[in-house]
Amino acid sequence: MTSPDSSTRTSSDDLGARLAALIEGVRDRDGGEVDDSVPRLAEADPALLGLALATPDGEVRAAGDSRQAFSIQSAVKPFLFALALVDTDGEAVDAVGIEPTGEAFDAIVLEGGTGRPPNPMVNAGALLTAALVDGGDADGRAERIVRGLASFAGRDLEVDDDVAGSEILLGDRNHALAHLMRSEGTLHVGADDAVSAYARACAVLVDAEALAVMGATLALGGRNPVTGEQVVSAAVARDVVSVMATCGVYDGSGRWMRSVGVPAKSSVSGALVLSSPGRLGAASYSPRLDELGTSVRGALLMERLSRELGLHVFDAGRG
Ligand code: GLN
């Protein structure tokens with residue numbers, strides 16, 4: 001795979017300088033707490049702050065700690081949904097709901113009447129979509145997921161085994177959700193297998209630049225703008241971005257759409273990935289989180305980025 005280095009621009013140009021200025025504008029905000037659900041996440045340096053954009057011409061513009069590696073965590077969920085849609089020829093769309101929950105990401109709740117997960121952006125949904133990708137067993141599915149994510153990112157990616165191991169050991173709510181879905185007949189692989197594949201997906205290491213390219217691939221009809229690979233069809237990309245818009249920031253999705261107005265996914269590592277339809281992908285990394293598990297500085301950064309570049313999808317003057 002190609003290295004992102006050849007296409008990366010730093011603050012030497014105008015857009016890069018604007019990104020650097022946006023970063024400086026939020027640097028002193030110190031609200032929120034670093035996630036401590038697993039030891040590796042708890043060790044994150046709260047001062048880290050990175051931002052990256054990937055544009056349709058395949059350029060990646062970045063500022064701050066945009067090459068700092070972190071585990072992707074819940075920012076993997078849109079991409080798991082995409083891979084499940086591909087590997088089931090679209091049937092995954094009926095295996096999960098697509099309605100917002102108004103609850104936390106790890107709520108022990110399934111859709112009333114069907115026993116399906118409420119949507120693919122909460123843990124129940126991602127446990128299920130990770131179980132729907134091709135692979136035969138948990139190892140095979142995890143390999144397929146890492147390969148698929150690498151196509152979205154345009155570079156090779158690796159799993160942090162330490163993070164994956166702790167998530168399997170400490171993810172009691174994910175085990176509970178998997179068993180609940182088994183009992184409802186909606187999860188068709190073993191509960192431990194489902195947790196194992198999902199935990200490894202959450203433990204894939206990325207940086208803001210890789211995540212921006214991943215978001216851009218969804219925003220640009222499923223075609224990776226750096227490598228030119230058609231990773232998923234335009235129809236799959238549209239389905240995924242639609243659900244990011246309604247459910248990507250959990251029970252903060254309504255406020256997010258009003259203030260930022262760009263389909264996005266949050267994660268407890270402190271990453272945010274945005275897919276601005278037809279325009280660009282963006283990602284930020286800043287580990288301190290609000291009570292919904294969204295990066296505090298990341299959300300402010302993205303609100304300002306959206307305003308600066310005119311990305312709000314409901315802005316009549318967007319262009
Ligand atoms: N791995 C985490 C979990 O399953 C991901 C949660 C998140 O980023 N919101 O709990």
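Residue numbers start at 1 and run along the sequence shown. Remember, it's 1-based here, ligands and their atoms both numbered in the order they're listed.
One finds no salt bridge joining Arg288 and Asp30 here, because no Lys/Arg side-chain nitrogen approaches an Asp/Glu carboxylate oxygen to under 4.0 Å. The pair Asp207-Arg67 fails the salt-bridge criterion, with no side-chain N (NZ, NE, NH1 or NH2) lying under 4.0 Å from an Asp/Glu carboxylate O.
In this structure, a donor-acceptor pair under 3.5 Å is present between the side chains of Ser196 and Arg200.
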Write out each pair where an N or O from ligand 1 and one from the protein are under 3.5 Å apart, with the distance.
residue  : atom   : partner : partner atom : Å
ligand 1 : 1 (N)  : Gln73   : OE1          : 2.6
ligand 1 : 1 (N)  : Glu167  : OE1          : 2.5
ligand 1 : 1 (N)  : Glu167  : OE2          : 3.3
ligand 1 : 4 (O)  : Asn123  : ND2          : 3.0
ligand 1 : 4 (O)  : Asn174  : ND2          : 2.9
ligand 1 : 4 (O)  : Tyr198  : OH           : 2.8
ligand 1 : 8 (O)  : Ser74   : N            : 3.1
ligand 1 : 8 (O)  : Ser74   : OG           : 2.7
ligand 1 : 8 (O)  : Val268  : N            : 2.8
ligand 1 : 9 (N)  : Ser74   : OG           : 2.8
ligand 1 : 9 (N)  : Tyr250  : OH           : 3.1
ligand 1 : 10 (O) : Asn123  : ND2          : 3.3

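Every residue meeting the ring pair (Phe, Tyr, Trp, His ring centres under 6.0 Å) condition with Tyr285, not counting sequence neighbours, appears here in chain and number order: Phe70.
Within the structure, ring-ring contact (aromatic ring centres under 6.0 Å, His included) contacts touching residues 180-217 (residues at least two apart or in different chains) do not occur. Applying the ring-ring contact (aromatic ring centres under 6.0 Å, His included) test to pairs two or more places apart or on separate chains, none has a residue in residues 203-232.
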